[in-house]
Amino acid sequence: MYKRQINYIANLFIVLVVGIYFLLDMKKIRKAVKELLKRISMTSYKFICVLDRAMSTYVHSILKLMLVTVLEYTILYRLIGHPNWMLLGVLAGIATLIPYFGGIFTNIVSIITASVYSIPLLIATIVVAVIFSNVDGYIISPAIYGKSNNLSPVGIIFFVAVFGALFGIIGIIVAIPAYILVQTAYEFFGGEIKNKLEDMMDS
């Protein structure tokens, strides 16, 4: 049992150190990869540049949304006197990594915990959950995301469901980046593939 715990701690430490190293050297790594791709294939280089922009936009947007969500729900739950206001605020921020379903999960947790304390707190929590989940969905999220990645809601739900079924919670978290990768590849190579198919049919 102790050996397993030591292994978990050691692995966590290694991941943390490697993560910090990659974050510090990310510009150099990206530059080296781009230079390598330039030498191999200009098409691959252009595709990676387009993909890099799409992924950067997504990462910046999700980080902004997480920060706004943590602040928003921490303040709201504190104002209505929820005893777990800080925990719920952080949970709401982390749940933004799971589109659509993450917010529902946070609202369910907040309502269940409020029901243990008092009826007025339960009613206030339900009001916050209903009103501000709509404010997030229709005002805050679109304002932060804009139409930068132009992702279809149906596509998002499909990728989240499939990746969640295949890989569990990790699959749900990586579903949107995977969707961006597939969409970017389709938009970049779609015309080229279509032209090749048409040439084959003509010949």
Grouping I, L, V, M, F, W and Y whenever their side-chain heavy atoms are under 4.5 Å apart, do [X] and [Y] come out in a common cluster?
X: Ile48; Y: Phe189; answer: yes
X: Ile94; Y: Ile112; answer: no
X: Ile75; Y: Val127; answer: no
X: Tyr179; Y: Val162; answer: yes
X: Ile131; Y: Leu79; answer: no

Between His60 and Ser56 (side chain of the first, backbone of the second, donor and acceptor by atom type, cut-off under 3.5 Å), is there such a pair?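 Side chain of His60 to backbone of Ser56, a donor-acceptor pair under 3.5 Å: yes, one is there.
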
Ile172 and Phe163, any side-chain heavy atoms less than 4.5 Å apart: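 Not touching, per the 4.5 Å side-chain cut-off.
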
Side-chain heavy-atom pair Thr74, Trp85 within 4.5 angstrom cut-off: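 In contact.
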
What residues form a side-chain hydrogen bond (donor to acceptor under 3.5 Å, both in side chains) with Thr184, not counting sequence neighbours?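 Expected list: none.
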
Just jot down the side-chain hydrogen bond (donor to acceptor under 3.5 Å, both in side chains) partners of Ser110, sequence neighbours excluded, or say none.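 With neighbours one apart ignored, the set is Tyr77.
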
Can you tell me how far the [atom1] atom of [X] sits from the [atom2] atom of [Y], to the nearest 0.5 Å?
X: Ile62; Y: Leu97; atom1: CD1; atom2: CG; result: 5.5 Å
X: His82; Y: Thr113; atom1: NE2; atom2: OG1; result: 3.0 Å
X: Leu181; Y: Leu51; atom1: CG; atom2: CG; result: 5.5 Å
X: Arg78; Y: Leu76; atom1: CZ; atom2: CG; result: 12.5 Å

For residues 102-109, which side-chain N or O atoms pair as donor and acceptor with protein atoms under 3.5 Å away, sequence neighbours left out?
residue: Thr106; atom: OG1; partner: Gly102; partner atom: O; Å: 3.1
residue: Asn107; atom: ND2; partner: Gly103; partner atom: O; Å: 3.2

Kindly give the cluster partners of Ile111, where membership spreads through any ILVMFWY side chain lying under 4.5 Å from a current member.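 Leu122, Ile126, Val130, listed by chain and number.
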
How close do Pro177 and Tyr58 get, counting heavy atoms only, and between which atoms?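 Closest approach of Pro177 to Tyr58: CG-CE2, 3.8 Å.
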
Any idea which heavy atoms bring Thr125 and Ala114 closest together, and the distance?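 Scanning both residues completely, I find the closest heavy atoms to be OG1-CB, 3.3 Å.
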
Among all residues two or more places apart in sequence or in another chain, which pass the side-chain contact (heavy atoms from CB on, under 4.5 Å) test with Ala161?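 Counting only residues at least two positions away or on another chain, Ala161 forms no side-chain contact (heavy atoms from CB on, under 4.5 Å).
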
With a cut-off of 3.5 Å and sequence neighbours excluded, list every side-chain donor-acceptor pair involving residues 66-73.
residue: Thr69; atom: OG1; partner: Leu65; partner atom: O; Å: 2.6
residue: Tyr73; atom: OH; partner: Phe132; partner atom: O; Å: 3.4
residue: Tyr73; atom: OH; partner: Asp136; partner atom: OD2; Å: 2.7

